[in-house]
Amino acid sequence: RCHWFSCVPFESHGPGPMAMARAVGRYGTWPSPITAKMIAGGTIQLLDPRGGEGQCFWVEQRPGEGGRHVVVREGGAECTPKGFNSRTRVHEYGGAAYTVDGSDLFFTDFKTQQLFRHNMDTPEAPPLALSPRGDGTLRFADFVVDRSRGVLLGVCEDHRPNQSASPQGAVAGEGTGEGGCASGDVLNTLAAVPLDGSGAVTVLATGHDFYACPRISPDGKWLTWTSWDHPSMPWDDVELSVAPLAPPSHPGSISLAGPPSVVAGGVGESVDQPQFSPDSSALFFTSDRTDKWNLFRVALEPAVAEGGEGSAKAEATRIGAVEAVAPVDAEVGGPKWQLGGSSFTFVGPETLVMTYRRPGTASNELRLLSLGPCAATTPLPIDGGRVLAGSAHALPDSISQLQAVGSDSLVLLGGGSASPPSIYRVDGVSAAVGGGALPTVATLCTSFDPAQLDFALDKYLSVPEHLEFATTLADGTAAIAHANVYHPTNADVEAPPRTLPPLLVKIHGGPTSCARSTLQLGHQFWTSRGFVVADVNYGGSTGFGRKYRKRLQGAWGVVDVNDACAVAKHLVTQGVVDPAMLCIDGGSAGGYTALACLAFRKTFTAAASHYGVADLVALARDTHKFEARYLDGLVAPYPEGKEVYAARSPIAHVDGIECPILLLQGDEDAIVPPNQATTMHAAVKAKGLPTALLMFEGEQHGFRRAENIVRALEAELHFYGRCFGFTPADPIEPFPIDNLPDPKAAL
């Protein structure tokens, strides 16, 4: 087997005349108009669509503004006041940092983490602060507005020191009792603040380590939420609770009328996305109790107790059995890394809309179901309904984050393998559910507009192929895993005969996440330059059910490594890629898998770790609350299983690494601290292997500034070129690579 320094001699093919005016160029050297600057500067990330007063809203993450999050209204008007950034740090990953009610925008500002109310009809007026602190220690997200009580309710994360797990007047849960205090005095609760800006915080639920999804029923009588406790994550063991609310008394005041009841969830079940039906007769939610996240409901009936209807102690809850609504062999939802998001919603009083994608298929299905006059008594399961999918119904292939807009419309986030992520509005939903005219679909905003490019994008787009390949589980049992494979595509260039392209295996983060087949210009950057890209849905990924997700239980660093190496070997065996140029990269947890593949296997010949984990022991001891016990399930309980941590930490097995490594890291990363990268870099450098560390000032977990996105992408291409002896066509600023002298310096 050839090593990194001798496997591919330097060779360059200058462009020569060919049929159809195609030039000949070595794989990796192809010039491409899909540049890093185009990706970073010409694209925005679209997030969190919502409906309000018949209009659509969404968030734009703008690299050109330092990654600022801006709430935008249908028509293009910016709603976030100038100088503010609508982004929360709850759970560090954030999400659901705003909501809209009437003419008011409610949002968390990233710098201060303070909660604000802003009248969108008077955009020049300064926003009103609703929370009492502006020093980043009191964080809010996942809001619901209750006008009748004059409060904004949401998830509150309190980072002030010496917090009590049970504030006075709160309803305590029956979890671990930690309440977050075991992780740096961080306390998570459900809390409300008055809409008038008086700043008083009322805690409604506490005692569990984490809370999400507070929702108030349309009739204002009930509150529901989800909660979980260490060491579980929100895709492991989650409880769904419902509690009666006391009738409104005076503005700015809200309280429970009785203790909460757990209606679903617990050990071995992940529940999410609770939503009350429009008539408040039932609570709908997703659960993986049947392996894949599917839609369920429980009927809710108020029971009048002593004191009479309307008294503070009158409302109890009679809870029906959990019933499957519309079973489907697909996942309705995904892992809750960020707050917010919905894969189903109610449109009007009697219509439910849900979306899902069956494994291995090209398009999401949008399923329209009729609930009838009473959501609690609709016979279940609901079979059929009207199913819309793909271009035949003017819908994008990928659909997520459904939200109702008024009584007959939807807003959603969608895209496809050849179309950019976009915000879509769907009108005429109610008529369509009964077999009437198809809904009309309009594109409101795109992450970038291909029509504005000075080249034909489709000439350079690689459409992914779904690949199933053989692998092994942690115990050696044979199994099947999944990947999306992208082949080199460039209408202007072709490779010399009898040559094979390099491979870049991409490992998604999480690790509880998934590789999607929607258009990602970051993948096309590589394929348009002559790389094969294999985006792996290794065991532990979502989209394939709880059993597939649990393959990684206690086996992180084993199953994912098996699958990453297996897909590379499969593509080599099939004659698709050059076995001497096998690269792997990943961010965060994906960076760990990339490093582990190098430390424990001899499959790959170069790697790039983007803010990746090198030391599992350090991560277990030095990370934020949300993931403080994540490794208990992925690796072993800590410190009892510290030997397992050491055995699977790449930093402890640098002696097994035999190929170059590039490390890319933000210096303000609170999730994977920078010392992980600096320690790994020093160890690899000391071994004499080619390595480089690029530290990005002011970046957290993931790069948001345009200049840093450009630098990271170009640096990785430059690094592979130096290691494999090819020169990219791009004008890339070089950087020092330890233990690999620049050949130009010797001239």
Side-chain angles (χ1 to χ4, degrees), residues 46 49 51 56 58 292 294-295 325-334 342-348 350-370 382-406 408-451 456-459 461-467 482 484-486 489 514-520 524 543:
L46 300 173
C56 303
W58 60 89
K292 293 184 174 71
N294 263 223
L295 190 57
V325 174
V328 60
D329 185 23
E331 293 212 298
V332 183
S342 178
S343 51
F344 76 95
T345 191
F346 298 98
V347 179
E350 299 182 8
T351 301
L352 185 150
V353 183
M354 58 190 288
T355 188
Y356 48 84
R357 177 180 292 193
R358 302 177 192 272
T361 60
S363 300
N364 271 67
E365 293 180 0
L366 194 67
R367 191 170 176 186
L368 284 55
L369 303 170
S370 176
I382 301 176
D383 295 320
R386 190 165 190 180
V387 176
L388 310 177
S391 58
H393 298 110
L395 290 168
D397 290 332
S398 173
I399 296 173
S400 64
Q401 301 191 42
L402 302 180
Q403 293 285 333
V405 182
D408 197 30
S409 303
L410 285 171
V411 61
L412 56 88
L413 178 62
S417 59
S419 57
S422 303
I423 300 293
Y424 294 86
R425 178 174 180 135
V426 183
D427 293 307
V429 174
S430 299
V433 72
L438 288 173
T440 59
V441 182
T443 303
L444 302 182
C445 180
T446 64
S447 58
F448 71 95
D449 185 0
L457 182 62
D458 59 343
K459 293 171 59 178
L461 287 186
S462 177
V463 177
E465 299 174 358
H466 178 253
L467 173 67
H482 306 265
N484 298 319
V485 178
Y486 302 74
T489 304
C514 66
R516 305 184 186 278
S517 59
T518 49
L519 177 60
Q520 299 170 78
Q524 306 297 332

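The structure presented is a predicted model; accordingly, all values stated were derived computationally and were not measured.
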### Query
Pick one: which of Val347, Val429, Val411, Val426 meets side-chain contact (heavy atoms from CB on, under 4.5 Å) with Val405?
Val411
### Side chains of Val332 and Thr355 in contact at under 4.5 Å (non-hydrogen atoms)
no
### Query
Under 3.5 Å, is there a donor-acceptor pair between the side chain of Ser419 and the main chain of Gly416?
yes
### Task
Look up atom CG in Leu519 and atom OG in Ser398, then write down how far apart they are to the nearest 0.5 Å.
11.0 Å
### Task
Taking Glu350 for its side chain and Phe346 for its backbone only, find out whether a donor-acceptor pair lies under 3.5 Å.
no
#### Entry: Nearest-0.5 Å distance, CZ of residue Phe344 to CG of residue Leu366
14.0 Å
### Query
With sequence neighbours left out, what residues match Glu365 under salt bridge (charged side-chain N to carboxylate O under 4.0 Å, His left out)?
Arg358
### Task
Taking all non-hydrogen atoms of both residues into account, name the closest pair between Tyr424 and Pro396 and its distance.
CE1-CG, 3.6 Å
### Message
Any side-chain to backbone donor/acceptor pair from Ser462 onto Tyr486? Under 3.5 Å, distance only.
### Response
no
### Closest non-hydrogen atom pair between Gly390 and Ser363, with its separation
CA-OG, 4.0 Å
### Query
What pair of heavy atoms forms the shortest contact from Ser417 to Pro464, and how long is it?
CB-CD, 3.7 Å
### Query
Hey, are the side chains of Leu295 and Tyr356 touching, using non-hydrogen atoms and a 4.5 Å cut-off?
no
### Message
How long is the straight-line distance from SG of Cys56 back to CG of Leu412, given to the nearest 0.5 Å?
### Response
9.0 Å
### Task
Scan side-chain atoms only and decide if Ser400 and Arg357 contain a donor-acceptor pair under the 3.5 Å cut-off.
no
### Query
Do Thr443 and Ile423 have side chains that get closer than 4.5 Å, going by heavy atoms?
no
### Query
Is there a donor-acceptor contact under 3.5 Å linking the side chains of Ser409 and Asp427?
yes
### Query
So how far is it from Thr345 OG1 to Gln401 CD, rounded to the nearest 0.5 Å?
12.0 Å
### Message
Can you confirm whether Glu331 sits close enough to Asn294 that some side-chain heavy atom of one is under 4.5 Å from a side-chain heavy atom of the other?
### Response
no
### Task
With the side chain counted from C-beta on, respond yes when Asn484 and His466 share a heavy-atom pair under 4.5 Å apart, and no when they do not.
yes
### Query
Is any side-chain heavy atom of Leu369 less than 4.5 Å from a side-chain heavy atom of Val353?
no
### Query
Of the non-hydrogen atoms in Leu46 and Leu413, which two are nearest, and what is the gap between them?
O-CD2, 3.8 Å
### Query
Just by modelled atom types, is the Ala432 backbone N or O under 3.5 Å from a matching donor or acceptor in the Arg386 side chain?
yes
### Query
Say you draw a straight line from CZ of Arg425 to OG1 of Thr440; how long is it, rounded to the nearest 0.5 Å?
8.5 Å
### Query
Does the side chain of Thr518 come within less than 4.5 Å of Asp397's, by heavy atoms?
no
## Note on the structure
Heavy atoms of Thr446 and Pro420 approach each other most closely as CB-CG, 4.4 Å
### Task
Check whether any side-chain heavy atom of His393 lies under 4.5 Å from a side-chain heavy atom of Leu438, and answer yes or no.
yes
